[in-house]
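Just so it is clear, the structure is predicted and the values come from calculations on it, not from any experiment. Numbering of residues begins at 1 and proceeds along the displayed sequence.
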Amino acid sequence: MDQLRQPGELSLQGNLAENWRKWKQMFLLYISASGIAAKTDEVKSAALLHIAGEDAVEIYNSFQWQEAGDEKTLNKDRVRVCDDQIRRRLLREEDLTLKKAVDICRASEATTHQMKSFTADTEKNLQTDRYHVLDFQVVDGSPQCLLGLESSQNLELIKRVFTTKEEQKSDILDEYKDVFEGLGEITDVTHHITVDPNVPPVIHPPRKLPVALRDRVQKELERMEKLNVIERVHEPTQWVNSMVTVIKPNKTRICIDPRDLNKAISREHFPMRTIEEVVSGMPKAKVFSVLDASSGFWQIKLDEESSKFCTFNTPFGRFKFNRLPFGICSAPEVFQDVMSQVYESIEGVEIVADDILIWGETVAEHDQRLRNVFGEKPT
C-alpha cells in the first residue's frame, strides 16, 4: 500500500458534473484501499479537500455554514443563483443542505434542456388559440414521463392515417418492362459457401416420390435446368442432400434439405433489419413502391466448389444448384448483404429480405428513385 497513488486534483473546467463523477469514483477507491474510509469523518473530509486541490479548497472556504441541530445547513441568505425562479425555490426550502441545493439546480437544468429540445417544426405547429386539459399522475421514483395516444392526438403531435391510395405506375413499368421478365442475375457476384473441413460429409439416398407427383416434379426440374439454376451431376461428390418438394395450387417448388450441410457451413452473420428499424429511417415518407425479387436466392451465382456442396438426389438422378438454393442456413443473410451493397448508393431504398422498398416525400422524388433502382444513374 506504500506504493498506492492518490487521485489527481479535481478539474473545475469543462463538464463539471462528469469531472466530479469520475473524480469521486477514484477518490472512493483510494480511501477504501488506503484505509482512510475506516477513519473518522474529520479525517475523511481533510483527505477529500487535500486531494481535491487548492481550487476546490478555495470554493469550499467560500461556503458559510450555520448550525441547525446536529447537521450543517446552507445559509440561504448567502446562496447566489442567477435564475430567479431557482433562487426563490431554494429560499422556500427548510434546512437547505448542499446536496439538496445541487439536486434542485440539476432538476431545473434538466427541465430547461427538455424544453429546448422541441424542434422548430413542433413549435410552429402549436396552436395558441386552443387548449386541452391533461390529467397527470405523480408517482414515487424517477420513471419516464409518458404522454398518451389520446393526449398526443388532441395536441396534434401525431395524426392517425386511416386510408392509403394505391396507384400503379404503368408508365414506368412499361418503360422498364424487361426487368420483370425471366430470372434475374446479380452481376459481378459469385458466392462461396465456406464449409468446416472437420465436419464429415454426408450422402443422402433419394427419397420416395409419390407417383401422382412424378410428372410435376420432373417438369419443374427440367424448367430449372433450362434456367441454369441446376444441372445434372455425373461425377462423385462428397455431399449429397435430399430433395424437398413443396406443392402449391399453381406452383411446384424444388428445394434441398441441407440439415447436415448446415451444421458444417460457416455463416456470414450479416444483420437482418426489422420492420421497426426500416420505418424509423423514413419519417417523412408519403409515397411508396414495393418490388419483390423473383426467386431472390436464385439470382446469386455459386462458385464450382459451393455448387457441388449443394448436390441433391432425386428419383431422376443427381443435380447440383448453380444458384443459391433455398434451405441453406446462410442464404437469407447472404442475400441481404448482397442486395444492401447493390442499392446502398441509392437514397430512399430499403432492403427487407427479398423485398425492395422505395419511398419518397413527393411523387416526383419517389419516381426518380424508382427509376434509379431500375438502372438509371442516380441524380
Side-chain angles (χ1 to χ4, degrees), residues 173-193 195 204 206-207 209-210 212-237 239-258 261-262 265 268 290-343 351-356 373-375:
L173 298 181
D174 292 340
E175 187 177 349
Y176 296 95
K177 62 181 180 181
D178 58 306
V179 301
F180 298 97
E181 298 174 354
L183 177 64
E185 177 182 317
I186 300 176
T187 57
D188 301 326
V189 174
T190 301
H191 179 60
H192 174 73
I193 299 176
V195 173
H204 289 270
R207 292 178 176 176
L209 186 65
L213 299 179
R214 287 182 66 89
D215 289 343
R216 294 184 62 174
V217 171
Q218 187 173 15
K219 289 180 179 179
E220 178 61 16
L221 290 171
E222 291 174 353
R223 186 185 75 87
M224 294 169 64
E225 195 172 3
K226 290 180 181 178
L227 293 173
N228 198 33
V229 174
I230 61 173
E231 67 173 280
R232 288 187 176 272
V233 177
H234 301 287
E235 71 274 11
T237 56
W239 289 89
V240 179
N241 305 279
S242 296
M243 179 184 70
V244 176
T245 305
V246 180
I247 303 297
K248 296 184 178 181
N250 299 316
K251 186 177 182 180
T252 302
R253 172 176 288 182
I254 303 296
C255 308
I256 61 175
D257 182 6
L261 178 61
N262 282 339
I265 290 178
E268 283 75 2
V290 178
L291 304 177
D292 178 68
S294 177
S295 302
F297 294 173
W298 288 3
Q299 299 191 32
I300 299 179
K301 295 180 294 184
L302 295 176
D303 61 20
E304 182 63 23
E305 183 181 9
S306 302
S307 179
K308 291 181 179 180
F309 291 150
C310 298
T311 300
F312 62 100
N313 241 328
T314 78
F316 312 101
R318 286 181 302 135
F319 295 83
K320 66 176 182 178
F321 271 91
N322 295 325
R323 306 291 182 93
L324 185 63
F326 297 94
I328 297 295
C329 63
S330 61
E333 53 208 45
V334 168
F335 185 77
Q336 179 83 21
D337 185 14
V338 171
M339 294 292 284
S340 298
Q341 294 181 46
V342 170
Y343 294 108
I351 306 298
V352 184
D354 59 348
D355 290 330
I356 306 171
V373 170
F374 286 152

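R207 pairs in a side-chain hydrogen bond (donor to acceptor under 3.5 Å, both in side chains) with only one of the listed residues (D257, T245, T314), which is D257. Of the candidates V195, V240, T311, L261 forms a side-chain contact (heavy atoms from CB on, under 4.5 Å) with just one, namely V195.
The aromatic rings of F312 and F321 lie tilted to each other, with the angle between the two planes from 30° to 60°.
Between E220 and I254, the closest heavy-atom pair is CG-CG1, 3.4 Å. Contact record, R318 with T237: NH1-OG1, 3.3 Å, taken as the closest heavy-atom pair. Shortest non-hydrogen contact noted between E225 and F319 is OE1-CE2, 3.9 Å. Nearest heavy atoms, C329 versus N262: N-OD1, 2.9 Å. Shown here for E304 and K320, the closest heavy-atom pair between the two residues is OE2-NZ, 2.6 Å.
Panel note: side chain Q336, backbone I351; a donor-acceptor pair is recorded below 3.5 Å. Using a distance-only test at 3.5 Å, with no hydrogens or angles considered, a donor-acceptor pair links the side chain of E333 to the main chain of E268. N241 places a side-chain N or O within donor-acceptor distance of the main-chain N or O of F309, the cut-off being under 3.5 Å.
A salt bridge is defined here as a Lys NZ or Arg NE, NH1 or NH2 lying under 4.0 Å from an Asp or Glu carboxylate O, and E222 with K219 fails to meet this definition.
F180 and F374 have their aromatic ring centers within a separation under 6.0 angstrom.
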